[in-house]
Structure formats: C-alpha cells, structure tokens
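This report refers to the structure that appears directly beneath it.
Remember, predicted model here, so these are calculated numbers, not experimental data. We number each residue from 1, following the sequence as shown.
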Amino acid sequence: MKDISFELTKKAIMAGHQKPYKESDIVHYLIENIVQCVKVNEKGLLSLDYAKVTNLHINEDEYNKPYES
C-alpha cells in the first residue's frame, strides 16, 4: 500500500494536485466506490455485481466519485 500511495501521489502532483495521498485515503476511496457493487447472490452470500463493477470503469462520472480527504 505504501508503494501505491507514493505512486498515486507522484501522479497527482504531476497533474497539479499538491496533496499527498495516504494509505488510508486509498482505502476510504475504494470502500466508498466499491461498496455499491456488493450484492447478495441467490445463495444469500455476499457477491460482486459485475455489471456495476464494469460500469465503474465505463461510467466514471456517475460512479467514480473523487476523494477529497
């Protein structure tokens, strides 16, 4: 996670965003965006709704909310 936060911070700075991303920022961002893709399957178990997961990529503006810590 430390390497990922460093790489994302580096990319953000190159894009003009001067705030470092902490590991907790990444975790919170993922939870906020992925939680909407969790469903209960026909067996009553938690599962991913793959149509929504796909839409996270396709419909970035609708599903992919920017994280402001």
Side-chain angles (χ1 to χ4, degrees):
M1 286 293 295
K2 197 176 290 189
D3 293 338
I4 293 169
S5 64
F6 176 77
E7 288 300 318
L8 291 174
T9 295
K10 193 166 69 173
K11 288 178 182 179
I13 289 171
M14 290 172 30
H17 184 74
Q18 297 297 317
K19 187 171 186 306
Y21 288 115
K22 299 177 288 188
E23 294 170 34
S24 61
D25 294 331
I26 298 166
V27 171
H28 287 268
Y29 178 82
L30 289 171
I31 290 170
E32 288 174 7
N33 284 280
I34 297 297
V35 73
Q36 63 193 334
C37 299
V38 176
K39 68 176 185 175
V40 175
N41 68 15
E42 62 279 347
K43 295 179 182 178
L45 302 172
L46 294 177
S47 177
L48 284 177
D49 184 336
Y50 292 106
K52 287 185 178 180
V53 171
T54 301
N55 281 336
L56 282 173
H57 176 70
I58 294 170
N59 300 320
E60 185 174 341
D61 292 336
E62 182 180 343
Y63 291 100
N64 188 13
K65 301 173 189 78
Y67 181 74
E68 297 291 335
S69 61

Item to check | Which atom of Pro20 lies closest to which atom of Asp25, heavy atoms considered | outcome: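 Where Pro20 meets Asp25 most closely, the heavy atoms are O-OD2, 3.9 Å.
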Item to check | Closest approach of Lys22 to Ser5 (non-hydrogen atoms, all atoms of both residues) | outcome: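 Lys22 and Ser5 have their closest heavy atoms at C-CB, 4.1 Å.
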Checklist entry - Near Lys11 NZ, under 6.0 Å, is it more than 12 heavy atoms from other residues, nucleotides or ligands? => result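 It does not: Lys11 NZ has 12 such atoms or fewer within range.
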Spatial distance of atom [atom1] ([X]) from atom [atom2] ([Y]) [nearest 0.5 Å]:
X     : Y     : atom1 : atom2 : result
Met1  : Ser24 : CE    : OG    : 8.5 Å
Lys52 : Asn33 : NZ    : CG    : 13.0 Å
Lys19 : Thr9  : NZ    : OG1   : 8.5 Å
Asp49 : Ile34 : CG    : CD1   : 11.5 Å
Tyr50 : Lys39 : OH    : NZ    : 8.5 Å

Would [X] end up clustered with [Y] when hydrophobic side chains under 4.5 Å apart are linked, directly or stepwise?
X     : Y     : value
Ile13 : Ile4  : no
Val40 : Leu45 : no
Tyr21 : Ile31 : yes

